[in-house]
Structure formats: C-alpha cells, structure tokens
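The structure under discussion appears below in the form of structure tokens.
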2 protein chains.
Amino acid sequence: MPKRPVPDATVARLPLYLRGLITAAEAGRPTVSSDELATASGVTSANVRKDLSFLETTGTRGIGYSVGSLTDEISAVLGLAGERPLVIVGIGNLGRALVTYDGFSRRGFVVTALLDVDPRKVGTTIGGLVIEDLADLETVVADRDVTIAVLATPAHAAQDVADRLVGVGVTAVLNFAPTHLDVPSHVTVRKVDVSSELQILSFYEQASKGRLATGA
Amino acid sequence: MPKRPVPDATVARLPLYLRGLITAAEAGRPTVSSDELATASGVTSANVRKDLSFLETTGTRGIGYSVGSLTDEISAVLGLAGERPLVIVGIGNLGRALVTYDGFSRRGFVVTALLDVDPRKVGTTIGGLVIEDLADLETVVADRDVTIAVLATPAHAAQDVADRLVGVGVTAVLNFAPTHLDVPSHVTVRKVDVSSELQILSFYEQASKGRLATGA
DNA sequence: CTTTGTGAAATCCTTCACAGCG
DNA sequence: CGCTGTGAAGGATTTCACAAAG
C-alpha cells in the first residue's frame, strides 16, 4: 500500500495522525490540511506532508486530505484490519490496569489471554478473563493464535518469558519490564519504561535552569 | 558536569546505562566495559562510548569504566540527587497502578499528591496517600513544591489540567493521556502512549511478512 | 592484548522554500 | 489564494575504523 518504504520515524507518527483523523471524523470534517494534522499531533506541517508522501493517498491542493481515505490507508498500512488477539503476561498492578485499558479495544486489539505465575491469582477473573497459569504459556498462546504479547512481569522474569513467547510464534512484544530483551531479528520489541521517562524529564528540568542540553 | 552539551539521543539512553551500572554494582563488579553496558542496554558499544564521551568520567583503556564514578556522574547529570516530589493527576486504573509502582521511589521520585475529579474517589486513601480534589490542584501543587506531574486523566481533560499545572510552576510532565499537549517552551513533556506503541508493533509485524519497512 | 576515545564517513531525519495544482 | 508535493539543504545520530593507552 505504501509507494515506497516507510521510514521508522514516519511509522512512529502514523498513529498520531490516525488519532487526529478520528477526531476530525467525529467532528464531521470531510478533509483536513497538513497544518491541522500537525497541530493535533505536535509536529510540523512539512513533516506531516513528507510523512504522508510515503503513502499512496494524495491530498488535494488548496483543500487538504480526505479524512476517510487517509484513515483507511493508515489503518491498512499499520495492519489494523480485523481483530488482533493479544496476551498479557504478568498481572500485577500494571498488568491489571492494562487488562481494563480501553485503548486496546478501540484500535482493534483484543485481550485474549492473561498469564501469571502466582497460584493465588491463577483461576481468578479480571475484566471477564480468567488468569491462567504461566506454566501453560505455550499451549495458551499457540491455541489462540496470539502473535502479540504485552510483558508486565518483573524484570528478572522478562527475558525467560520472552524466549518462551518467541518460541511459540509471538513476533511482537510490548515490554513494560525495565530490562532489555534479547530477541531474534524477526521479532519486534517496543518498550515502555516509565522510570526512564521520568529520569529524562528530570534531566531537562534541571538543564532548563543551567544550560546543558542541546535540544528542548 | 558534562564536558559538552549532551545530545537528546544520548540523554534518552543514560537511564539505560544507569540500570546496567546498578546491576553491575549489585554483582560486585568494580568496572564495566562499553561492550557490557551495550549488551545490557541493547545498543552498540561504539554508541555507548560516544555517549559517555559527553560526560567527564573517562574510562581506562584495557579495563573499562568505574562503576561507582559513572553511576555518580550519570545520576548527577540526570538531576537525580535528593528526592523529587511528584503529583499524579487522574486516579483511574492506570493512575492507581502508578501510585503503587515502585519504579518511582527506586530512582528518587516520591509520589506526594494524588488528584482526581471524581467525588467518590476524593478523600479515599491509596498507597498511604489521600486522593485530593482536582479543584484544589493549584494549592496542592504550590504548597508541596511539586514541579513534576504525571498525567493519567482521560484525553479530553488533559490539556486543561496541563495548563493549570504549568500555571503553578510544573515544568515536567509525563503524559499518559492519548492526546498532544500544548505547553510553553520551558516545559518538557514526555508521552507514554500504549495504544500508539501497539500500532507501531502491528506495522512491523505485518511488514515482516511482506517487505514494507526500512529499518527493523 | 584489551578496551577506550574520536575524527571521518555514512545514514537517517527534519526543515526550507517554492513551484505547481485546484 | 490555499495547500500539497518535493528537491535540496541542513542537522542530528550512528557506525566505522583505528591510533593510542594501560
């Protein structure tokens, strides 16, 4: 669907544009300009246009981009057709919050299985799903054709769980554990590291009263 | 403390190195090589060395870097001395999980105030802290000298809350709400967007069976 | 012999600026 | 006139490769 290979930096912004497009659609707008998408996403309009130039959908000069067409194409490029089953491993505080997080379902991701190692949790229900035993990871993941996993285990368990997930066909991992995961090259890992983010914030906060940073 | 301005990309990796250093310290290692830090963080060793070259601490050829000195300097550069008070706004599923998240305290951040708009939540206690009324944001934040805020409100409330936070002196915001925040240039925002991350994963997963991506 | 520190090269990404279309 | 599409320029970041130090 894209005309040419889509750069990583562009891929990372497509979800932002999608959000802007959905807002525009809800407001009944038939088209949006690169400027509007830009302010909604916090990027420059030139960057938006460059990004969209990797797609097939083209805008109309003087008017902007068709909200419907762009939404459809970005969804297709991101592979958001149909429902994607998802397993969450590690049902602690964070895992529990993720189970009931509605941002998943709103974009076509369906939480299909929950796994935890704690026997007191196994068998209990949360958000309509039964927590299953981590020992059964292989059968659970394989049976339900899950290829996307959300890792919310403690750091020390993460690599082992990741290895097992990859072993039964998972190729995409969203890692909340504060540790680096070593995976084969056909597997994609994205990490969400709250503690790192805070430390980065801390840097810029202190830099703003003392001039140390390059950028922001 | 840094020799020259530290690039953004480097700043974003310093927390990873810090993690590797703490692990090394726990293992009793007096020094680490750039190679070890690299595999622990998922970057290349050349990149580690280039990053560390912006700091004052220098390694020893044939040996590596002193775990103690590097830890100290990275902590200092990131502004991690002393305890940093932090307010969490929006105590839903995610906010609740964040309150009890121990990754904050482990790096010197202290959750000092919780705010929510729901009268049924206000006055209740969670993790030893009383949830206070969002209406009192200004006094709560100002009285406690909070300059770092974690935003876990619904998207539609986020910009308004951010404006108010900035108005009373907050200069660093960690935004979990799926929306772009418009803030003055002296304020730093980092966002954590679970839904976007999943969509990015989805792209690479589908790309791996069809060749569309540039990178990974 | 191991590992750092770093210029130089290569790659990737963003911004500029403007021609051209509707 | 408004807004897209894009070459060209400019930055930023990463990788290479190797001299030098312990």
Side-chain angles (χ1 to χ4, degrees), chain A residues 2-14 16-17 20-21 24 29-67 69-70 73-74 200 203-204 207 212-216, chain B residues 2-14 16-17 20-21 24 29-67 69-70 73-74 185 200 204 207 212-216:
Chain A
K3 294 195 297 202
R4 336 171 236 152
V6 184
D8 292 345
T10 297
V11 171
R13 281 186 295 264
L14 291 180
L16 308 184
Y17 301 153
L21 287 164
R29 317 269 329 274
T31 61
V32 278
S33 66
S34 59
D35 231 8
E36 292 169 303
L37 276 182
T39 53
S41 323
V43 298
T44 66
S45 62
N47 208 340
V48 171
R49 292 198 298 280
K50 183 71 87 182
D51 283 340
L52 299 184
S53 76
F54 294 101
L55 308 185
E56 269 173 358
T57 304
T58 167
T60 309
R61 288 159 204 244
I63 305 288
Y65 302 86
S66 152
V67 171
S69 312
L70 239 201
E73 192 182 4
I74 292 181
I200 297 166
F203 172 89
Y204 288 108
L212 300 166
T214 314
Chain B
K3 292 195 298 203
R4 337 172 234 153
V6 184
D8 291 345
T10 296
V11 171
R13 281 186 295 266
L14 292 180
L16 307 185
Y17 302 152
L21 287 164
R29 317 270 329 274
T31 61
V32 278
S33 66
S34 59
D35 230 9
E36 292 169 304
L37 276 182
T39 53
S41 325
V43 299
T44 66
S45 62
N47 208 340
V48 170
R49 291 198 298 280
K50 181 72 87 181
D51 283 340
L52 298 184
S53 75
F54 294 102
L55 308 185
E56 269 174 356
T57 304
T58 165
T60 309
R61 290 163 202 240
I63 305 288
Y65 302 85
S66 152
V67 171
S69 312
L70 239 201
E73 191 182 5
I74 293 182
S185 64
I200 296 167
Y204 288 108
L212 300 167
T214 315

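Below, chain A is the first sequence line, B the second, and so on; all start at residue 1.
- Checking V32(A), L70(A), V43(A) one by one against Y17(A), the side chain to side chain contact (heavy atoms under 4.5 Å, CB included) holds for a single residue, V43(A).
- Contact annotation: N47(B) side-chain N/O to dT15(D) OP1/OP2 distance is under 4.0 Å.
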Per-nucleotide protein contact along nucleotides 1-8 of chain D, 5' to 3', at a 4.0 Å heavy-atom cut-off (B base, S sugar-phosphate only, - neither), is -BBBBBBB
Evaluation steps, side chain to side chain contact (heavy atoms under 4.5 Å, CB included), between T57(A) and I74(A)
CA-CA 9 Å; T57(A) 304; I74(A) 292 181; over 6 Å; no
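- In this structure, S41(A) has no side chain to side chain donor-acceptor pair (under 3.5 Å) partners at least two apart in sequence or on a different chain.
- Atom-to-atom, CG of D8(B) to P of dC13(C) comes out at 16 Å; the value is rounded to the nearest Å.
- Among the protein residues, T44(B) comes within range of the sugar-phosphate backbone only, with heavy atoms under 4.0 Å from sugar or phosphate atoms but none that close to a base.
- Of the possible donor and acceptor atoms, none in the side chain of T60(A) sits under 3.5 Å from a partner among the backbone N and O of I63(A).
- Rounded to the nearest 0.5 angstrom, L21(A) CG and L37(A) CG are separated by 5.0 Å.
- In this structure, CZ of F54(B) is placed 11 Å from P of dA12(D), rounded to the nearest angstrom.
- The closest side-chain heavy-atom distance from R49(B) to Y65(B) is below 4.5 Å.
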